[in-house]
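Working notes for the structure below.
Note that these values count all heavy atoms, side chains included, but never hydrogens, waters or copies made by symmetry. Treat the numbers as computed from the prediction; the structure is a model and nothing was measured. Just so we're on the same page: letters track the sequence lines, and every chain starts at 1.
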Amino acid sequence: MATVLIENLTKVFPPTANQPNQVQALGGLNLSITGNVLVAVLGPSGCGKTTLLNIVAGVEQPTSGSVRSVQDGVPAHISYVFQEPRLLPWRTVVNNMIFVQDRKSDRSRREAEFYLSMVGLGDVADLYPSQLSGGMQQRVNIARAFLVNPDILLMDEPFSHLDALTGRSLRDYLQKIWSQTRKTALLVTHDVNEAVELADRIIMMRPGGVIFDDIPVNLPRPRHPSNPDLQFLQNDILRRFDSMEAAVRFGVG
Amino acid sequence: MSDLSIVTPDSVAQLSDREIRRSIRRRWVTRTSILLGWGAFIGIWYILSDIVFRDPRLPSLHLVLQRAGRIIATPGFGSDLGNSVLRLLGGFLLALVISSVLGLLIAYSDWWRNLLQGFLQLIVSIPTIGYAVLALVLFGISPIGPVLTTMLVSIPYITLNVAQGIAGVDRRLIVMSEAFGRTRKQIARDVLLPSSLLSLLSGARLAFAVAWRMELLSEIFASSQGVGFQIRSSFERYDTQAMLAWTVIFVALMLIFEHLVLRQIDRWASHWRSAEPSATR
């Protein structure tokens, strides 16, 4: 079983030419995620969500505190769905998939094509990324993350660059593929709809990298945005954010 | 009645016909202008050789070409040409290797950038004849001079292009590769190299154009073999026909190499850029 254990995590960015003061992105964050759940970290832009994800992925170092990602006592295998597709433009779609595989074999291509077909892209394996639409490229991004069979899946606002209709269709693909693989997943988003539609648990963050709320989402899958329970939950979450903002404004947060 | 154009299958077909005609016309204009350019070159040559200077100061083009044919048929031709090409390729390949390392250093380190920038500017600003004379002074009549001078003049062009190519690599692709646990070697081979390959190739083509001129010049001054040496020998005999014939042969060979090898490599390396958008998008 995969676990992500985050203790007293802080990240402070030093002053730069564009930003004369140091910036606290994460302020002593504690979080524990265990099992085959999809956890959404929800918060406004600039509240430290992506920094948190980058530190969990190991591509950024914390100022203090610790992150442990383990699967049955050994370091967990992590993969990432980025905000933008981040595909190598000189490689075909299938070769972009194979690039992230640890062991290349005769089966690599078949495995890559299997995950591409799961996101409805079985027939574009030999095209270059520039030949695909933005939504199709993002589906490759999702398929690539699942291909490496990760213990933990990190997703950084994967639908934020897409129009609403394409974003909704991709969320359906993600729900489908996640339901079949049930990976421990951490999704950061600023979109309340996205969080309630996809997550089993929603962690709410405010600027300064502080968690102010943590709620479970016990709704059956697949979830449709028109479900009244989802809409009720969205309103509840928005109320919680309003209360948090008011509390911060009046110095009680 | 308003003149609104209505999009129908017929109008689309007409439009594509128009497009095809325009494309054919463009191709013919290009071909005609190339032919006109060559025609003008040949015409000017004949005006200069038959009216202004006359043989033997400037022989007619057909005489030069006939002489080139006779030179190619001589037994020693292969050895002279082979020597020149080997020196050129030797110097050029050395420059490619050294420049790739220097380009990496410049792209990743301010210290190296500051150290090498002045040095590279100096190399570019020295006239090529200066190198040829210096090679003669330092190495005498030997193959080392032409190889080293060819290498030296090629280095700045390739280095700066490599550095520019590496500096222009999309950082997000490197972060993606790191997030998926790719090793440094894999990132260098699969991300950095392909990202900067087009810059490297454009620098290499530029450097090659300078390198073969430098090679020829070095041989004129500091060699006892090769095309450059043959040009000097012809000049010393006041045999303008042979001098121009050797030059024409070498230039033709370099142009063929540029078109058949360097441009094809360039086309191969950038084939993904010209991929047509898919009908399924």
Side-chain angles (χ1 to χ4, degrees), chain A residues 50 53-60 75-93 95-104 120-137 139-141 144-145 147-148 150 152-156 166, chain B residues 100 103 107-108 110 113 161-162 164-205 262-281:
Chain A
T50 299
L53 220 58
N54 284 341
I55 293 173
V56 176
V59 293
E60 212 164 288
H77 187 196
I78 292 175
S79 93
Y80 211 121
V81 179
F82 297 91
Q83 268 182 38
E84 334 79 32
R86 300 198 187 186
L87 302 174
L88 304 174
W90 50 85
R91 279 177 168 249
T92 58
V93 167
N95 283 332
N96 262 285
M97 302 277 288
I98 291 171
F99 171 65
V100 300
Q101 281 180 313
D102 281 335
R103 281 185 223 98
K104 272 96 177 163
L121 292 176
D123 54 345
V124 302
D126 292 314
L127 296 184
Y128 287 96
S130 61
Q131 295 176 283
L132 306 183
S133 67
M136 290 164 94
Q137 290 184 26
R139 277 191 266 165
V140 179
N141 186 8
R144 178 178 62 186
L147 171 69
V148 296
I152 296 165
L153 176 68
L154 307 176
M155 294 180 276
D156 183 9
T166 312
Chain B
S100 300
Y108 280 121
D110 286 342
R113 187 182 308 131
N161 271 273
V162 169
Q164 206 173 19
I166 293 171
V169 172
D170 188 346
R171 279 284 312 156
R172 292 171 307 174
L173 293 180
I174 297 174
V175 171
M176 178 276 290
S177 309
E178 286 170 349
F180 279 104
R182 300 304 85 192
T183 61
R184 282 185 162 201
K185 192 177 149 196
Q186 285 172 319
I187 293 173
R189 188 190 60 205
D190 295 321
V191 181
L192 289 180
L193 182 66
S195 283
S196 48
L197 189 61
L198 293 180
S199 273
L200 168 74
L201 287 174
S202 97
R205 280 178 61 189
L262 294 182
R263 279 200 192 175
Q264 295 311 315
I265 294 174
D266 210 23
R267 193 170 292 174
W268 165 80
S270 60
H271 67 285
W272 53 271
R273 284 193 165 178
S274 52
E276 294 290 326
S278 159
T280 53
R281 53 190 284 172

Looking only at heavy atoms, which two atoms of [X] and [Y] are closest? And how far apart?
| X | Y | value |
| --- | --- | --- |
| A/P89 | B/L173 | CD-CD1, 4.3 Å |
| B/A179 | A/F82 | CB-CZ, 3.8 Å |
| B/F180 | A/S79 | CE2-CB, 3.6 Å |

Checking [X] against chain B: side chain, backbone, both or neither under 4.5 Å from a heavy atom?
| X | result |
| --- | --- |
| A/V148 | side chain |
| A/L154 | neither |
| A/D102 | both |
| A/Y80 | both |
| A/R144 | both |

Check your understanding: Can any side-chain N or O of A/R91 pair as donor or acceptor with the backbone N or O of B/D190 at less than 3.5 Å?
Key ->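 Side chain of A/R91 to backbone of B/D190: no pair is present.
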Practice item. Would you please go through residues 191-202 of chain B and name the residues with a non-hydrogen atom below 4.5 Å from one of chain A, in numerical order? Key: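 Heavy-atom contacts from residues 191-202 of chain B to chain A are B/V191, B/P194, B/S195.
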Using the test salt bridge (Lys or Arg N to Asp or Glu O under 4.0 Å), find all partners of [X] that sit at least two apart in sequence or belong to another chain.
| X | answer |
| --- | --- |
| B/R205 | B/E258, B/D266 |
| A/D156 | none |
| A/E84 | A/R86, B/R172 |

**Study point:** Neighbour count above 12 (heavy atom, 6.0 Å) for B/R189 CZ
**Key:**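 Yes, because the 6.0 Å sphere around CZ of B/R189 holds more than 12 heavy atoms from other groups.
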Review point. Is any side-chain heavy atom of B/W272 closer than 4.5 Å to a side-chain heavy atom of A/S130?
Key: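 No; the side chains remain at least 4.5 Å from each other.
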Check your understanding: Is B/H271 close to A/Y128 at the side-chain level, that is, under 4.5 Å between some pair of heavy atoms?
Key ->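 A side-chain contact exists here, since the closest heavy-atom pair is under 4.5 Å.
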